[in-house]
Amino acid sequence: MNENVPSVTVLIAARPEQAEIKAVAASRALDYPAERLEIIVARGKQPSVQRNAAMRAARGELIYFLDDDSTPQPGNLRLAASHFRDPKVKMVGGPNVCPAEAPPLERVFALVLASWLAFGPSRARYALVGQARQTSEKELILCNLAARREALLELGGFNEALYPNEENALMDELQKRGGKLIYDPQFIVQRRPRHSLKAFAKMLLSYGRGRAEQFRLHPTFGSALNFVPPLFCIYLGALLAALLLNGKAGLIYIYLLPLALYGLAVLAQTAFLHTSSTMLQRLGAIPLIVATHVLYGIGFWRGLFTKLKAPEQRPPMPPVVLETVGR
């Protein structure tokens with residue numbers, strides 16, 4: 001017997017040659033009526049373009065976006081459907097959390113991602129924070145996001161000149177039109193953080209660049225907090241210049257005072273990291289919290305001056321291939 005639930009298309013962006021897609025197996029295990037569920041893998045090398053192509057082809061009233069390595073909880077779609085009973089709700093999202101079996105380095109990355117000092121309100125993307133509530137783009141992330149297909153298509157889908165942060169710009173536009181965004185800490189996917197220091201650093205640079213590019217195209221007051229890391233980088237540069245050019249001890253102490261306060265804040269944040277973490281993991285998080293601010297700030301400055309290109313202005317890429325996967 002058919003249940004009175006909205007039809008859903010699970011949309012997974014993957015690389016052209018990718019054979020094993022963890023999110024596909026997890027999607028097949030979702031607790032949802034088979035006749036109301038569609039799974040599409042969009043293969044290509046431009047995620048925004050892939051997702052837009054899949055959205056246009058999808059049959060579901062709702063689109064559930066997953067990254068290729070996301071493992072959603074079986075009950076996620078039913079939880080999302082309960083929120084979408086309110087017609088004003090346009091998106092529902094929740095955290096992507098590090099699996100318990102992840103290697104030690106990745107668990108340290110997860111501590112940093114979930115720390116207030118490193119990521120501010122966006123820590124809710126990586127940890128269970130509070131109760132289900134109306135929110136903004138700051139707390140939602142595309143690797144675990146359900147949305148009304150019609151609302152996304154009305155806005156033209158994702159801005160294909162943006163990656164990352166294409167979803168953040170779209171969320172801002174939905175809210176401007178009166179749509180509600182919901183964060184539910186129980187709407188969870190398991191997903192491992194980056195696998196190496198190099199990959200983690202690259203991610204931070206990319207996040208900073210993406211936010212700056214988003215701000216250039218869609219400036220909002222919501223991005224004000226994201227200017228703190230690039231301003232911190234200016235302070236560090238000015239501090240270095242002052243130390244090299246001015247040898248007066250009294251002035252040096254004044255220049256160093258903000259850095260000393262920052263150091264205390266980092267130590268305090270480390271003390272309040274997740275209680276399940278070990279002392280070694282907390283100590284490992286200290287330099288990574290600092291690196292988060294510096295690398296994000298550098299990426300932000302870069303993003304203020306990059307040349308934004310639409311897909312047709314970029315070098316040719318493989319065409320998007322859509323695959324419908326059976327349960």
Give the other cluster members for Leu62, using side-chain heavy-atom distances under 4.5 Å between Ile, Leu, Val, Met, Phe, Trp and Tyr residues; answer none if it is isolated.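 Noted: Leu62 shares its cluster with Val5, Val8, Val10, Ile12, Ile21, Val24, Leu30, Tyr32, Leu37, Ile39, Val41, Tyr64, Leu66, Leu77, Leu79, Phe84, Val89, Val92, Ile182, Phe187, Val189, Val325.
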Residues clustering with Val97 (ILVMFWY side chains joined when closer than 4.5 Å, directly or via others):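 Noted: Val97 shares its cluster with Leu128, Ile188.
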Where is the tightest heavy-atom contact between [X] and [Y], given as atom of each residue plus distance?
| X | Y | answer |
| --- | --- | --- |
| Leu145 | Ile141 | CB-O, 3.5 Å |
| Ile63 | Arg149 | CG1-CB, 3.8 Å |
| Leu162 | His218 | CD1-CD2, 4.3 Å |
| Leu295 | Ala201 | CD1-CB, 3.6 Å |
| Leu225 | Pro229 | O-CD, 3.9 Å |

Identify, with sequence neighbours excluded, every residue that meets ring-ring contact (aromatic ring centres under 6.0 Å, His included) alongside [X].
| X | result |
| --- | --- |
| Phe65 | Phe158 |
| Tyr126 | Phe119 |
| His293 | Tyr262 |
| Phe200 | Phe109 |

Considering only NZ, NE, NH1 and NH2 on the basic side and carboxylate oxygens on the acidic side, decide whether Glu139 and Arg133 come within less than 4.0 Å.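 Looking at Arg133 together with Glu139, the answer is yes, because their closest N to O distance falls below 4.0 Å.
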Backbone N or O of [Y] within a donor-acceptor pair of the [X] side chain at under 3.5 Å?
| X | Y | result |
| --- | --- | --- |
| Glu166 | Tyr163 | no |
| Glu61 | Ser7 | yes |
| Tyr183 | Ala124 | yes |

I'd like to check Tyr296 versus Leu205 (side-chain heavy atoms, cut-off strictly below 4.5 Å). Are they in contact?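 In short, these two side chains do not touch, never coming nearer than 4.5 Å.
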Partners passing side-chain contact (heavy atoms from CB on, under 4.5 Å) against [X] (at least two apart in sequence or in another chain):
| X | result |
| --- | --- |
| Pro287 | none |
| Ser136 | Lys138, Gln175 |
| Ile286 | Val266, Leu267, Thr270, Leu283 |

According to salt bridge (Lys or Arg N to Asp or Glu O under 4.0 Å), does anything in residues 11-26 pair up with another residue at least two apart or in another chain? List the pairs.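 Residue pairs with at least one partner in residues 11-26: Arg15-Glu17, Arg15-Asp68.
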Going by the salt bridge (Lys or Arg N to Asp or Glu O under 4.0 Å) test, which pairs reach into residues 210-223, not counting sequence neighbours?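 Every pair satisfying salt bridge (Lys or Arg N to Asp or Glu O under 4.0 Å) with a residue in residues 210-223: Glu137-Arg211, Arg209-Glu213.
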Could you list all the side-chain hydrogen bond (donor to acceptor under 3.5 Å, both in side chains) pairs where at least one residue sits in residues 105-114, not counting sequence neighbours?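 For residues 105-114, and leaving out neighbouring residues, the side-chain hydrogen bond (donor to acceptor under 3.5 Å, both in side chains) pairs sorted by first residue read Glu106-Arg192.
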